[in-house]
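Below: one structure, written as structure tokens.
No experiment lies behind these values; they were computed from the predicted model shown. Residue numbers run from 1 in the order of the sequence given.
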Amino acid sequence: LTSWNGLMIAALARGAWILGEQVYAEAAQKAVGFLLEKLRRDDGRLLARYRDGEAAFPAYLDDYAFLAWGLLELYQASFKVKYLEEAIRLTREMHALFWDHENGGFYFTAKDQSESIGARGKEIADLAIPSGNSVAAWNLLQLARLTGAEDFKGLAYRQLCSFAGAAARAPHVCTFYLCALDYFLGPPQEIVVAGRMDDQQTQEMLDVLRSAYLPQATVIFYQEGDEGERIAALAPHAADKKPIDGRTAVYICENYSCRQPVSSPKELAQRLGFRF
């Protein structure tokens, strides 16, 4: 199922980022490649199931939300822009297919499924796995921070408001929604690493970031060339971040207002508040 694979991709990618284990990132990338090749129709519509060489059934909310979540985690683990681009594409398609324009929130079924399935319901309870609506809220908040796009900001706020009453009545079954709410309320932090991925100093700086607990942070990697142009198109605030005298630089920003960049792992660790 697409949703379960998306969840595993998110877990593998998060493990790759925290532990620095490339094998986890490679497994996540392989899974993403399979899903995007085998579980999409010619028009791009995501499908839900693959069995015995056959892909079938238009995907549900959970399929879109979980796969987009996995792609966002995989972007941070690999900093390959194609994964961020695909997460944005899937999220915009999810909005077009599942959004309740009258009351807010996402239906479990898409508008192109309603005739065959009947009434369209919404799910908010985070049980053994998070609900599609909670994951959608998390994704929208992440994309709003990463890109600065006003439509993602507005949609993320409406998504949180749509289920605030349900979460207040039963917070114990809305745990991932509350994680998204905490992320929304906490002081925003944007981190841009500017350098070359094949540079040893870059890897040392990334190791410091992996070691830090940064629950409110989004991390973007910017390097000159095609990848840099693509990330600048998605996240314009990263475009003016450059290395310092040819050395990798890390910019730590709050609400896109940045402090002086740092260019050594020791200085970065001190800026983040722990010993190196």
Side-chain angles (χ1 to χ4, degrees), residues 1-40 46-51 55 59-91 94 106 108 123-146 156 159 172-184 186 191 203 206-207 209-221:
L1 296 177
T2 303
S3 58
W4 280 98
N5 277 281
L7 181 62
M8 293 307 299
I9 290 164
L12 284 167
R14 174 54 57 170
W17 168 248
I18 293 173
L19 301 174
E21 289 286 351
Q22 184 61 26
V23 65
Y24 296 160
E26 291 171 355
Q29 291 178 71
K30 185 176 180 180
V32 165
F34 178 87
L35 291 176
L36 296 182
E37 178 184 355
K38 301 293 187 180
L39 281 104
R40 282 201 296 194
L46 197 64
L47 299 173
R49 188 216 71 187
Y50 185 87
R51 187 176 67 186
Y60 302 93
L61 172 63
D62 289 10
D63 301 305
Y64 274 86
F66 280 46
L67 182 53
W69 183 19
L71 287 162
L72 287 169
E73 292 288 351
L74 190 51
Y75 168 71
Q76 179 161 296
S78 67
F79 294 113
K80 293 183 178 179
V81 184
K82 64 181 181 180
Y83 298 125
L84 180 56
E85 292 172 334
E86 190 62 39
I88 291 172
R89 191 198 71 79
L90 280 176
T91 301
M94 180 182 73
F106 291 95
F108 180 71
E123 182 59 69
I124 186 60
D126 302 319
L127 302 175
I129 60 173
S131 71
N133 269 297
S134 294
V135 174
W138 178 263
N139 293 346
L140 289 165
L141 289 165
Q142 289 276 318
L143 287 170
R145 292 266 187 91
L146 282 164
Q159 175 70 354
H172 59 288
V173 294
C174 299
T175 50
F176 200 76
Y177 169 90
L178 294 176
C179 289
L181 180 62
D182 178 70
Y183 182 76
F184 172 74
I191 297 175
Q203 295 305 316
L206 291 176
D207 285 342
L209 291 174
R210 290 188 186 99
S211 302
Y213 178 59
L214 303 168
Q216 301 296 336
T218 56
V219 183
I220 289 177
F221 187 82

Looking at CD of Gln142 and CG of Leu84, how far apart are the two atoms once the value is rounded to the nearest 0.5 Å? 10.5 Å
Kindly give the heavy-atom pair with the smallest separation between Ala136 and Met94, and that separation in Å. CB-CE, 3.9 Å
Rounded distance [0.5 Å steps], CD1 in Ile129 versus OG in Ser3: 6.0 Å
How far does CG of Leu71 sit from CG of Asn139, to the nearest 0.5 angstrom? 9.5 Å
Judged by atom type as modelled, is there a donor-acceptor pair below 3.5 Å linking the side chain of Asp63 to the main-chain atoms of Leu46? no
Nearest 0.5 Å please: distance from the CZ atom of Arg14 over to the CD1 atom of Ile9. 15.0 Å
Between Phe176 and Trp69, is the ring centre distance below 6.0 Å? yes
With side chains defined as the heavy atoms from C-beta onward, is the minimum distance between Leu47 and Arg40 less than 4.5 Å? no
Rounded to the nearest 0.5 Å, what separation is found between the CZ atom of Phe79 and the CG atom of Leu74? 11.0 Å
Please evaluate residues Leu39 and Asn5 with respect to the criterion side chain to side chain contact (heavy atoms under 4.5 Å, CB included), reporting the C-alpha separation (whole Å), side-chain torsions for both, the decisive distance (0.1 Å), and the verdict. CA-CA 11 Å; Leu39 281 104; Asn5 277 281; over 6 Å; no
For the student: nearest non-hydrogen atoms of Leu140 and Ala156, plus distance: CB-CB, 3.7 Å
Might you point out which heavy atoms bring Ala65 and Val135 nearest each other, and give the distance in Å? O-CG1, 3.4 Å
Evaluate the criterion side chain to side chain contact (heavy atoms under 4.5 Å, CB included) for residue pair Gln216 and Asp182; output intermediate values, then yes/no. CA-CA 9 Å; Gln216 301 296 336; Asp182 178 70; 3.5 Å; yes
Check the pair Asn133 / Gln159 against side-chain hydrogen bond (donor to acceptor under 3.5 Å, both in side chains), numbers first and verdict last. CA-CA 8 Å; Asn133 269 297; Gln159 175 70 354; 2.9 Å; yes
Tell me whether the centres of the aromatic rings in Phe34 and Tyr50 are closer together than 6.0 Å. yes
Using a strict 4.0 Å threshold on nitrogen-to-oxygen distance, state whether Glu85 and Lys82 make a salt bridge. no
Mind checking whether Asp126 and Val173 have side chains closer than 4.5 Å, heavy atoms only? no
Going through the distances and angles, do Leu67 and Leu36 end up as a side chain to side chain contact (heavy atoms under 4.5 Å, CB included)? CA-CA 10 Å; Leu67 182 53; Leu36 296 182; 4.2 Å; yes
Nearest 0.5 angstrom please: Trp17 CH2 to Gln76 CD, how far? 5.0 Å
Check: Ile220 and Ile191 side chains under 4.5 Å, non-hydrogen atoms: no
Testing the basics here: between Ala180 and Leu141, what is the closest heavy-atom pair and its distance to 0.1 Å? O-CD1, 3.2 Å
Quick one: does any side-chain atom of Thr91 pair with a main-chain N or O of Ala68 as donor and acceptor, under 3.5 Å? no
Minimal heavy-atom distance between Gly15 and Tyr24, with the atoms involved, is C-CD1, 3.9 Å
Taking Asp207's backbone N and O only, do any of them form a donor-acceptor pair with Ser211's side chain (distance below 3.5 Å, no angle check)? yes
Minimum heavy-atom separation for Ala13 and Ala77, please, with both atom names. O-CB, 3.4 Å
Is it possible for you to check whether Arg145 lies under 6.0 Å from the centre of the six-membered ring of Tyr183, through NZ or CZ, and within 45° of that ring's axis? yes
Under 3.5 Å: donor-acceptor pair, side chain of Gln29, backbone of Ala31: no
Aromatic contact between Tyr83 and Tyr75, with the criterion being ring centroids under 6.0 Å apart: yes or no? no
Lys30/Glu37 under salt bridge (charged side-chain N to carboxylate O under 4.0 Å, His left out): CA gap, chis, key distance, verdict: CA-CA 11 Å; Lys30 185 176 180 180; Glu37 178 184 355; over 6 Å; no
